[in-house]
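Contents: one structure, followed by commentary.
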There are 2 protein chains.
Amino acid sequence: MMNAKTSTQALPGQRQTKQRALVYEVIRESKGPLTVPEIHVQVRQTMPRTGIATIYRTVKLLHSSKWIQAVTMPDGETRYESADLGHHHHFQCKICGEVLDIDHCPMSLAPGAELPGGYILHEHEITMYGICPRCR
Amino acid sequence: MMNAKTSTQALPGQRQTKQRALVYEVIRESKGPLTVPEIHVQVRQTMPRTGIATIYRTVKLLHSSKWIQAVTMPDGETRYESADLGHHHHFQCKICGEVLDIDHCPMSLAPGAELPGGYILHEHEITMYGICPRCR
DNA sequence: CTCGAAAATGGAAATATTTTGCAAAAAATT
DNA sequence: AATTTTTTGCAAAATATTTCCATTTTCGAG
């Protein structure tokens, strides 16, 4: 199944480059949101001369063009993931630090619910912490 | 009404200093969570020679001693607020941007639960977004 | 297909933020 | 008040991100 943003489509910006296509591909194929250094490591496995500045520039471009979205972790770390994912949450392993997507939503309140004090709920984000199978 | 962490009580760490007492007082008396530079500005109004390193060190000490807690804003900014609250979550108004504590926990999974993939849940943090009564 | 203009890249330098080293000052102990 | 130990202020170092610029790459015109 193809949608409007497969890697064969034009990337945002003036020129289509191998670095931009690869940055977007790495983010798309990740099991969870990635930091800029993590993207850099993966991109260099294919294009070893890629500089960190290119990752920063490309991530900013993809983000401002809505191809990817930023996820700020509660510890302040910024991670990026594809913008066309469905509703999901994040789990971070307290030992290895890896972050991955959790499709199951453990939220007991529905959108539109009224919280004590008269607050109307629209969206929510949940970050879970624990131990991944590899670290057990 | 006095609780265990009024400014007359001992502060965490080895020595009780004027700088530490003042940092904690500034955070306690703020109407909202503060950044390190904001705390620095306020502390220097009383103790002008206070260095930014002392604010970073003191905030880290107060935080690791659980006297204050960190709140990461959606843009990645880290702010600190007094921490004499129990388990709670955060609600941010999408119109005015105000962030406030929500005592009700809408989490349907208990600590120790196993998520699909073999991940063991320990803690969680929930940020809710919606509209506050004032903005309706 | 080749050329040339414009944009992107890599690497380094510049910025910005947070942490650390250390001599002097302050706090607790005697 | 003297001694010991911790903390502070300042500067330097470590980190993280952005900008600069010469070279390389993209891509459209011919």
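What you see below is based on every heavy atom in this structure, not just the backbone, and it leaves out hydrogens, waters and symmetry mates. The structure displayed is predicted, hence computed values, not measured ones. In what follows, chains carry the letters A, B, and so on, assigned in the order in which the sequence lines appear, proteins first and then strands, with residues in each chain numbered from 1.
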Length of the [atom1]-[atom2] vector between [X] and [N], whole Å:
X	N	atom1	atom2	value
A:Leu22	D:dT26	CG	P	13 Å
A:Lys18	C:dA7	NZ	C1'	16 Å
A:Tyr80	D:dT17	OH	P	8 Å
A:Gln19	D:dT23	CD	C1'	13 Å
A:Arg20	C:dA8	CZ	C1'	6 Å
A:Glu77	C:dT18	CD	P	15 Å
B:Gln16	C:dA28	CD	P	6 Å
B:Gln14	D:dT8	CD	P	12 Å

**Report entry** side-chain contact (heavy atoms from CB on, under 4.5 Å) between A:Met128 and A:Ile102, worked out
**Finding:** CA-CA 9 Å; A:Met128 290 167 266; A:Ile102 298 289; 4.1 Å; yes
Heavy-atom closest contact ([X] atom, [Y] atom, distance):
X	Y	answer
A:Phe91	A:Cys132	CE2-N, 4.4 Å
B:Ile55	B:Ile39	CG2-CG2, 3.8 Å
B:Ser108	A:Met107	OG-N, 4.3 Å

**Report entry** Which nucleotide in D:dC10, C:dA7, C:dA27 has an atom nearest any side-chain atom of B:Arg49
**Finding:**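 Nearest listed nucleotide: D:dC10.
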**Report entry** Minimum-distance nucleotide (side-chain atoms of A:Lys60 versus D:dT18, C:dT19, C:dA27)
**Finding:** D:dT18
Query raised in the report: Do B:Leu62 and B:Met47 share a hydrophobic cluster, counting only Ile, Leu, Val, Met, Phe, Trp and Tyr and linking them when any side-chain heavy atoms are less than 4.5 Å apart?
Result: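 Yes; B:Met47 is reachable from B:Leu62 via cluster members.
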Query raised in the report: Looking at the rings of A:His124 and B:His89, which for Trp means the six-membered one, are their centres under 6.0 Å apart?
Result: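 A:His124 vs B:His89: aromatic centres not under 6.0 Å.
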Query raised in the report: Any donor-acceptor pair under 3.5 Å between the side chain of A:Arg15 and the base of C:dA7?
Result: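 There is none.
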Query raised in the report: Where along residues 50-59 of chain B does a heavy atom fall under 4.0 Å from DNA chain C?
Result: B:Ala53, B:Tyr56, B:Arg57
Query raised in the report: In terms of the nearest nucleotide of DNA chain C, which residue is placed more toward the 5' end: B:Thr17 or B:Val36?
Result: B:Val36
**Report entry** CG on B:Leu109 to CD on B:Glu114, rounded to 0.5 Å
**Finding:**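 It comes to 11.5 Å.
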